[in-house]
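Only one structure is covered here, and it is reproduced in the block below.
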Amino acid sequence: MTNHHSTSLLADEKLELQADPRRWYALAVILLPILLNSLNTYMIQVSLPSIQKSLNASFSDAQLIVAGFSLSLAVALIVSGKLGDIYGRKRLLLIGVIGFTIMAMLGGLTSNPTQLIVIRIVQGLTAALIQPQVLSMMQVNFLPREKGLVFSIYGALMGFGFAFGLILGGILVNWNVFDLGWRTVFFFNVPFGILVLLCLPLLPESSGGRAQRIDWTGTFLIMGGLFLLVYPLSEGQKQGWPLWIWGCLILSLLLLLAFIAFEIRKQKADGAPLIDLTIFKQRLFGVGMTSVVLTYLSMFSFFFLLTYYLQFGLQFDAQGTSLAFLPLGGGVFLTSLLSSRIISRWGMIVPRIGALATGICFFLFIVLLRIDAVHLLSIQYIVLLLVYGLGLGLVTTPLTRVVLGTVPLKDAGTGSGLFNTFMYLSNSLGVALISILFSASLGQTLGRAVLSDYARAFSVSLAVCGVFALAAFVCLCFLRDRKE
């Protein structure tokens, strides 16, 4: 026992000596691109109706501006982590930030909705080069005892990006500097991106070796399958659900089934599939991923709906929309800061309470809409959105830790990649599906609908969001604490 203890101490001392003493400065640098992406995502969320009006874009175009970015990000995440391991994480991070910044500049210059959708899809691909490299560097550069603090800082920064991005987006659009309007949201990312590029030389290069291979066949199958799923769902209502839409959806299903079959065969043949699907043999991991999908489906759908209800139904400007999101964002930021400490003490009860609280808030929102559908900046709505934000932070921030706690350590990399992929896929699918329901319930075009139409459509859609959140709560009830 004494020898074992001495060996552990020597190993810890060796790790301490090998650790880069500048790693905490490097942490500040590698987290900047994450903040850049997070701010961009939520600033565009709150300015989306302004973009739609300015470009004379359709409702389905607006959906694709959001869903296209999330879809390309989700799919590219699957391979970008391996690319970083093979070719160098710093190099991939540099390429990602350069591409992201260029796309932000082009997004601010475009005057065509189709061009903006393409730009956002490419920007999603560049964003996918960023996130896995940051997470890998955090894993590699820090000692085991430091990683809890490091990932808590990461979670808090994501919460800050969420809260501040929603507020900043409204402020920038409302300021209308140089009469640029919503374009300011894109141009804001350009100097920020340049700042990140100036800081990147401070980072050391790291890689996982060149022995790995990338399953390009699997990549193309899943990319094609998911694109043919999300795009028709976004375009279907606008086009009147013609036969080609249904053909795309059927083809999507066939491609995704082919992907699963190919990955299983490749796993048996050479053990190098794009996604190791055997991880789903861990029953609780499947339950955990279901809770991830349901949680983010409800969250992203709600953000999209609330923005449109405020700006089209109530005629709020972008800054007024930001004020409505302020208590929600503040709640998320607060519990993002505290959730790591709370879950260490109270365990799985924390995300369960968070999921249950968000679900209940959706149905209380419907009740308030029946009483007063106009004054969303009144005290009762502010309190409700604050409680929703607090609950959301309690469930989303610890969710990675909770879900990855269901798999063996050797599968943590695969599990982490799938977690992020499913999260962004939920954004794409949530926006596409909830928009179909919202449009059908509205019964009119956005321009012709009156407030009662918007209140009805918003209420129906909120009920679905509530069902998603409560279903996530049920899934979380099946997950155990690690110590159990």
Side-chain angles (χ1 to χ4, degrees), residues 60 63-64 67-86 117-118 121-122 124-125 127-129 131-132 211-236 239 241-283 285-290 292-294 296-297 403 407 411 413-433 436:
S60 62
Q63 295 168 45
L64 285 170
F69 176 86
S70 300
L71 178 62
S72 61
L73 173 54
V75 174
L77 274 173
I78 300 172
V79 294
S80 60
K82 288 187 178 182
L83 288 171
D85 290 342
I86 296 170
I117 291 167
V118 173
I121 290 172
V122 177
L125 295 174
L129 296 178
Q131 188 161 343
Q212 300 186 52
R213 288 170 293 167
I214 294 177
D215 173 14
W216 290 112
T217 302
T219 301
F220 290 128
L221 283 173
I222 195 170
M223 286 179 72
L226 291 173
F227 177 77
L228 290 173
L229 174 64
V230 174
Y231 178 73
L233 289 176
S234 299
E235 283 287 300
Q239 302 288 344
W241 299 101
L243 284 177
W244 71 265
I245 291 282
W246 296 105
C248 286
L249 292 173
I250 293 169
L251 183 57
S252 165
L253 179 61
L254 293 174
L255 286 174
L256 293 175
L257 289 174
F259 168 76
I260 293 171
F262 181 81
E263 294 300 289
I264 292 172
R265 189 177 67 185
K266 192 167 180 63
Q267 175 70 35
K268 292 177 179 177
D270 60 15
L274 179 65
I275 299 174
D276 183 0
L277 296 176
T278 59
I279 194 173
F280 286 98
K281 290 182 178 179
Q282 305 285 337
R283 185 182 63 83
F285 179 75
V287 174
M289 290 307 298
T290 303
V292 169
V293 170
L294 291 168
Y296 285 101
L297 272 176
V403 173
V407 297
D411 294 324
T414 301
S416 179
L418 285 171
F419 180 95
N420 287 299
T421 298
F422 274 65
M423 180 179 75
Y424 288 109
L425 277 178
S426 299
N427 187 352
S428 297
L429 288 173
V431 169
L433 292 172
I436 294 171

Min side-chain heavy-atom separation Leu249-Leu228 under 4.5 Å: no
Contacts of type ring-ring contact (aromatic ring centres under 6.0 Å, His included), residue Trp244, not counting sequence neighbours: none
Contacts of Tyr231 that satisfy ring-ring contact (aromatic ring centres under 6.0 Å, His included) - sequence neighbours left out: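 If we apply the ring-ring contact (aromatic ring centres under 6.0 Å, His included) test to Tyr231, skipping adjacent residues, the hits are Phe227.
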For [X], give me all partners under side chain to side chain contact (heavy atoms under 4.5 Å, CB included), at least two apart in sequence or on another chain.
X: Ile121; value: Ser72, Ile117
X: Ala128; value: Leu73, Ala76, Leu77, Ser80
X: Phe280; value: Leu277, Phe285, Met289, Leu418, Phe422
X: Leu294; value: Thr290, Phe468, Ala471, Ala472, Cys475

Listed partners of Ser60 passing side-chain hydrogen bond (donor to acceptor under 3.5 Å, both in side chains), at least two apart: Ser58, Glu235
With sequence neighbours excluded, residues passing side-chain hydrogen bond (donor to acceptor under 3.5 Å, both in side chains) with Tyr424: Gln131
Atom of Pro273, atom of Gln267 and distance for their closest heavy-atom approach: CG-OE1, 2.9 Å
From Leu253, Leu255, Leu429, residue fulfilling side-chain contact (heavy atoms from CB on, under 4.5 Å) relative to Leu229: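 In the set Leu253, Leu255, Leu429, the residue that makes a side-chain contact (heavy atoms from CB on, under 4.5 Å) with Leu229 is Leu429.
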In Å and rounded to the nearest 0.5 Å, what is the [atom1] to [atom2] distance from [X] to [Y]?
X: Cys248; Y: Leu243; atom1: SG; atom2: CG; value: 11.0 Å
X: Leu297; Y: Leu433; atom1: CG; atom2: CG; value: 7.5 Å
X: Leu254; Y: Leu221; atom1: CG; atom2: CG; value: 11.5 Å

Hey, can you pull the donor-acceptor pairs under 3.5 Å for the side chains in residues 256-263, sequence neighbours left out?
{"unit_1": "Glu263", "atom_1": "OE1", "unit_2": "Leu274", "atom_2": "N", "d": "2.6"}
{"unit_1": "Glu263", "atom_1": "OE1", "unit_2": "Ile275", "atom_2": "N", "d": "3.0"}

Indicate yes or no for a side-chain donor-acceptor contact from [X] to the backbone of [Y] under 3.5 Å, with no hydrogens or angles considered.
X: Ser234; Y: Leu64; result: no
X: Thr219; Y: Asp215; result: yes
X: Ser428; Y: Leu71; result: yes

